[in-house]
Structures are given as C-alpha cells and as structure tokens.
Undergrad: 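Have a look at this one.
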Amino acid sequence: MSASNTPLIQVRDVVIGIPHKRRPTLTIVNKANFDINYGEMVGIVGESGSGKTMICRTMIGTLERRGGKILSGDVLFEGESLARASESDWKKLRGKSIGYVPQSALAGPNPVLTIEAQLAEALRNTGDTKNIKSRSKELLELVKIRRVDTVLKQYPYQLSGGMRQRVMIACALATSPKLLIADEPTTGLDVTVQSQIMDLLKEIRSTMGTAIVLISHDLALIDEVCDRVVVMHAGATVEVGSVKELVKPRHPYTIALNSSRIDIAQPGSELVTIKGNAPSVGEWNPGCRFADRCSIVQADCRTGEHPELIGASGTHQTACIHTELLERI
Amino acid sequence: MTDSQQTAAAQDAQMVVEKDRNRAALRKTFYGRILRSVIVGFWVMVIAFSLMRLSPGDPVRLALGADVTEEAVDAFRTQLGLDKPFYIQFWDYFTGIFRGDLGYSYFSGRDVTEIIGTHLPVTLMIIGLSILFAALISLPLALFVATSKSNTVNYMFRALTSVSLAIPGFFLALLGLLVFGVYFNIAPAAGYEGAFPGNLKYLWLPALANCGSLVPVLSRVLHSSLVDTLDEEFVETGVIRGVRKGRFYWSYLLRPSLAPTVVLLSYMVGVMIGGTVIMETIFSLPGIGRELITAVDGRDYPVVQSIAMIFGLIVVFFSFIGDLTGYLLDRRVTLS
C-alpha cells in the first residue's frame, strides 16, 4: 500500500470513556469509524453530546487533559497510532502536522498576548525561527486580513469575532499542517462572517491541499462546503458518505436531521423537529441508540449492541439494520 | 467589493478611536488618582485633626508632667498655639503643609517631617517585603493547587488557608519569634540597624508574619481565577501550539488570571499598614507605626495628624499602582 492509498486519518472502532475513581467509567463515544483522505474536507455532524468534539480531541491529543481516555480502538495518523502516542510524540504532531481552530472565536486567542506574539509562538513551532515578522504578515494576508501592521500590534479584544477566527486559522496554518481541525469554527459569528470563514477554509483546502475536518451541528453548512459527511449520534457513527450520497440518506437519524433543516423548510409549514432528545451519556439503551426516536423501529433494533457501520470504508455506510424500511419515512 | 471596503474603512476608524480612547483613559486615570489621593489625604488629616482634639487628654499637661505651675502650663499652651480657636489651629496647620512644615512634636520638639523621614522607610520596607513574600508564596501555591488534579491537595489547601486566616497576626509573630528567634536562633528578637541590606535581617520575620493573613486571601483569589482560566479555550490552544512550559505557565495561566489578585493586594495595603503597626511594636522596630502609637498616647497632635495623612496617601498610591499593574498584565481590565 502506497502512502497515497492510505487515508490520512483512520478512526477505527474508537471507544472513549471518562474514568472515575469511585464511579464506573462513563462511556461517551462507543464506536466511531471513519477515514479522512489527504486534501479532503470532511464534515462531522451531530447533536450536542454526540461525541464529535471528543473525537476531535483524540486527533489533537487533548483528550486526557479533559479527563477522557481511549478505551479501545485506535486513531491512525498516516498509519501511526495516536491512541498510544506519548506526550513527546504529540509535541511533534500537534500544531505541526495537525492544526486546530477552536470552537469559540471569542475565547480562542490568548487575551493577554498581542496577535504578533501569538503568531510568533505558532511559527516557532515549525522549528524555523527566522523572519518571524514577515512570515506573520504573510499568514495574516493568507487569511485575508487587511491592515496587517495594525492588527499585529493589537490584542484579541480589539478585534471582531470574525477577525479573531481568521487569526486563529492563521495560527493553525503556521506550520502548513496536513490536517486542519475546525471545531464549530463559526459559533457566535453572524451569518455573513460565517460564510466568509467557510469560503476561507474552502480556499485553503484548494490552494494548500490541507485536509480539513469541520465539526458542526449544521448539516446545511456541511452540505455546502464538504466532500464527505460523518454523521454521529449518541457516541456512534451512524452514517458515512459523500455529500452526493447523503442526498439520499440511509439512516433514519440523517433523514430526520435533513427534514429538520430550516433552509429547505417550506414556508408556512411547521418546522419538523426530531422526536425526543438525544439519549444522555450513561443512559444508553441496548441495541440501536436511535431506536426510541426512530419512526421505523423494529423489535430487533432494541437488542444486542449498537449496530456497526455496514459496508466498506469509502463507500456509503450506514448503521441502520432496516434500510429496507426507509422508504416509509 | 465597495461594501467590504466600506467595512474596512469603518473598522479602521473604529481602531483609531479605540486606541485614542485607551490612551485618554490612561491619562484620565493618572490625573484622577492624583486628585483622589489629595482629597483622601486631606480628609484623613481633617478627621485625625478633629478626633484628636475631641478625645479627652491634654497634650500640654501630658508633655509637662504633674509638677508644674499653672503659669508654665499656660505659657507652653500659648507657645504651641493650642489656646487659639479650633479653626485657626486648623488653618495654621493646613497652610503649613504647603510650605512643607508639618509642625513639631510636643514632646521631643523634633520636626515632624524629620520623624516621618526617618521612620517611614522602615515601615515601607516591611510592607514591601510583605508584598514580596506574599507573592513568592501565593503564586506557586495557587498554581500548584490549581493544576493539581488531586482532591487531597485541594482539600488541604482550603483547610490550611482557612486556619491561617483565623490566626491573628500578633500570635503568628510571637510564634515566629519563638521558633526562629529562640529555638533556631536565626532571627534577632528585637533591635534594628539602619542601612539597607543589613536591616533585612531584622525585617524578614515581621514581614513573614504579615503574610499569615495575606497569603490565604491572595492564594484563594488567584486559585479561583486560575481554575476559571484553565477552562478557557485559549489554554488548549496554547497546549496544542506546544508553547514552552515556563512561557505557558506565565502567559497562558498566570497573566490572564493575575489582575484581580494584584488589584486586591494593592487594596490590602491599608490592612497591611495596621498589621505592620502591630509588628513594629512586637519586634521593637523603629517604624512609623510605633511613632504613631506613642504620639496618640501623648496626644501629640501634629505627629498623629501628619502620619494619618501619610497613611491615606500611601493607600491611594498603592491602589493606583495595583490598578495600573492589573491593566498592564491584562488589557481587558478597564481602568476606572
């Protein structure tokens, strides 16, 4: 197998839990499975608590800091295990081969350092400490910030949300990473700024060939910019496929997500919502975790383990065992 | 395109305005604090001036002793100007301040400016040393507890700070004397020698005893700020960016958390002055606090009102320094 055939990231049967001294370990992700190829833009979509942020933490090595642990399965980055990576391995990976754009643009940048200082930190991470200033300027121009000289001297609180997020993207790109992880990068930004940030991410992907993982709960947004979509529900991947393939979803959860989209809702008609709430962590029923909210639920959906993804990696995969009934929805 | 250019221009204008506003705020704060310190100093002096004259006890008789004639008492009273009406005494003293004349002690006859000049540095050094020690203990302590995941460490921290806060300063001072002065014999129990580096030998123990009440308050406040900061997203960004350890602790944890603690510390200087008066008495240090106590005992009006005024000025000055430091550490802090 040549390097070009191996996916950049392989998430294999990952189970994540939060160990506790006195109480039993709380499982928050149970079997996540998906690949990310070089230069690909993949969206991970799911409700709050579906484990999408946890998966993203396994890819940047901050899971343990938050008290989480990979219980089984593995995440492979260019074939190397991230689950068993030591802190010194992470130092080589994090920020270098894998860039990260945090969730909240407002809290992302360090409030007590100037933009220049933060870019310099990110640039020093490359090991090359020459021409930091001119390289900082290039980075800011890359993310389409005007008046670069002024911005360099400013503190984050003096910048707007969109500008701050551009700075964070610039920091993440400082090391020309192979993978950029953006965890809900447009939270708290208004719609026009949101689309500007998305355009920027798309452009970075096409000019620099960076693979981008975009985590969001907004299916419409992911549809618009991504090549492939990973749908997560209650800690499991329930459907994986290209954006084209997901036009005809093969999991009732994805269908429900699709029909609750505001952008395709008919004017005058009632907005469709998904029945019930996502099951809380630690309160998962046996069998399919979507069963209680599913309109085509069958008796065998409620027994055994949560169904695994059916189909080979790279094809349209679903975790629904009754896809023949999907037409009824 | 024109739209975005317009936005850019608007943002430009906003930045310039913001920059000007910051500088103006800084200047305004600076002048405001000078004005405020003058006002505070004045009122503290007025209150000290009035209270001393309202409280019982006659400085003239106290100064001359029991075996004097009434003529001598009257003569001395006239000499001191205490036979004049209240408001004239006040006016004389008040105008004297602007000539740099704070009056003379009724007892020793020494110039009050000279008394303050010799004794204030000792007190200021104790306060400075207390702040230094408190910072040296509180910073690593709070950082250690905040970054420790152990419940025992957190519990011990809370328990020990509560206990320490409950122990009165004078008791801690006596305990310190017993342990370091008598048992280990590494601190002089009393006495003082003037010049700067040599006098530290006499000052470190009182300053350390002052920390008994400072450290718990400061480390608790800093600890809770640190815990909040640790939850912030930018800390994670720092970890991911692979920032060096020392820089990480300073720029990502301490600096964004320190402002409330620094401001609190500067406001606590007032409390510290009170503590220092006690320390000077226990350790027989020639500080201004001891002079104040002697002066109050003898109803030595000029000395008391002058020292009170100086204390007021010191408190205002330190609170300004604290606010300024807080602002320099973290620009999100707004100066009032």
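Convention: sequence-line order gives letters A, B, ...; per-chain numbering from 1. These figures come from a predicted structure and were not determined experimentally. Worth knowing before you read on, the calculation uses all heavy atoms, side chains too, and leaves out hydrogens, waters and symmetry mates.
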Undergrad: Output the option from A/Glu121, A/Met168, A/Arg124 having the highest count of non-hydrogen pairs under 4.5 Å with chain B.
TA: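 Looking at each of A/Glu121, A/Met168, A/Arg124 in turn, A/Glu121 comes out on top.
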
Undergrad: As an exercise: rank A/Gly61, A/Pro111, A/Ala117, A/Ala122 by heavy-atom pairs under 4.5 Å with chain B and give me the winner.
TA: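 Result: the option with the highest number of such pairs is A/Pro111.
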
Undergrad: Could you tell me whether the side chain of A/Lys133 and the main chain of A/Ala120 form a donor-acceptor pair under 3.5 Å?
TA: no

Undergrad: So, A/Ser81 versus A/Asp74: side-chain donor-acceptor pair below 3.5 Å or not?
TA: yes

Undergrad: Just so I understand: if I count every heavy-atom pair under 4.5 Å between each of B/Thr237, B/Asp231, B/Leu329 and chain A, which residue has the most?
TA: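 Ranked by contacts with chain A, first place is B/Thr237.
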
Undergrad: For the pair A/Asn110 (side chain) and B/Ser251 (backbone), establish whether a donor and an acceptor sit closer than 3.5 Å, ignoring hydrogens and angles.
TA: yes

Undergrad: At a 4.5 Å cut-off on heavy atoms, which part of A/Pro102 comes close to chain B: side chain, backbone, both, or neither?
TA: both

Undergrad: For the pair A/Lys137 and A/Asp149, find out whether any cationic side-chain nitrogen is under 4.0 Å from an anionic carboxylate oxygen.
TA: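 Looking at A/Lys137 and A/Asp149, the cut-off is met.
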
Undergrad: Please check if any side-chain donor atom of B/Ser162 sits under 3.5 Å from a side-chain acceptor atom of B/Arg220, or the reverse.
TA: yes

Undergrad: Measuring heavy-atom distances to chain B, does A/Ala174 have an atom under 4.5 Å in its side chain, in its backbone, in both, or in neither?
TA: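 A/Ala174 has no heavy atom closer than 4.5 Å to chain B.
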
Undergrad: Which one of A/Gly67, A/Ala172, A/Gly108, A/Pro156 has the most heavy-atom pairs closer than 4.5 Å to chain B?
TA: A/Gly108

Undergrad: Any donor-acceptor pair under 3.5 Å linking the side-chain atoms of A/Ser86 with those of A/Asp89?
TA: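 Distance-only check passes for A/Asp89 and A/Ser86.
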
Undergrad: Return the set of residues passing ring-ring contact (aromatic ring centres under 6.0 Å, His included) with A/Phe77 (not counting sequence neighbours), or none when no residue passes.
TA: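 Residues passing ring-ring contact (aromatic ring centres under 6.0 Å, His included) with A/Phe77: none at all.
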
Undergrad: Measure the spacing between OH of A/Tyr155 and CD1 of A/Ile115 and express it to the nearest 0.5 Å.
TA: 10.0 Å

Undergrad: Heavy-atom distances under 4.5 Å only: say whether A/Arg66 touches chain B with side chain, backbone, both or neither.
TA: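 Side chain of A/Arg66 only, per the 4.5 Å heavy-atom cut-off to chain B.
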
Undergrad: Pick whichever of B/Glu236, B/Arg255, B/Arg247 has the most heavy-atom pairs under 4.5 Å with chain A.
TA: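 So the answer, after comparing B/Glu236, B/Arg255, B/Arg247, is B/Glu236.
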
Undergrad: Who in residues 131-161 of chain B is close to chain A, using a strict under-4.5 Å heavy-atom cut-off?
TA: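 The list, in residue order, reads B/Lys149, B/Asn151.
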
Undergrad: Take atom CZ in B/Phe248; do more than 12 heavy atoms of anything else shown fall under 6.0 Å from it?
TA: yes

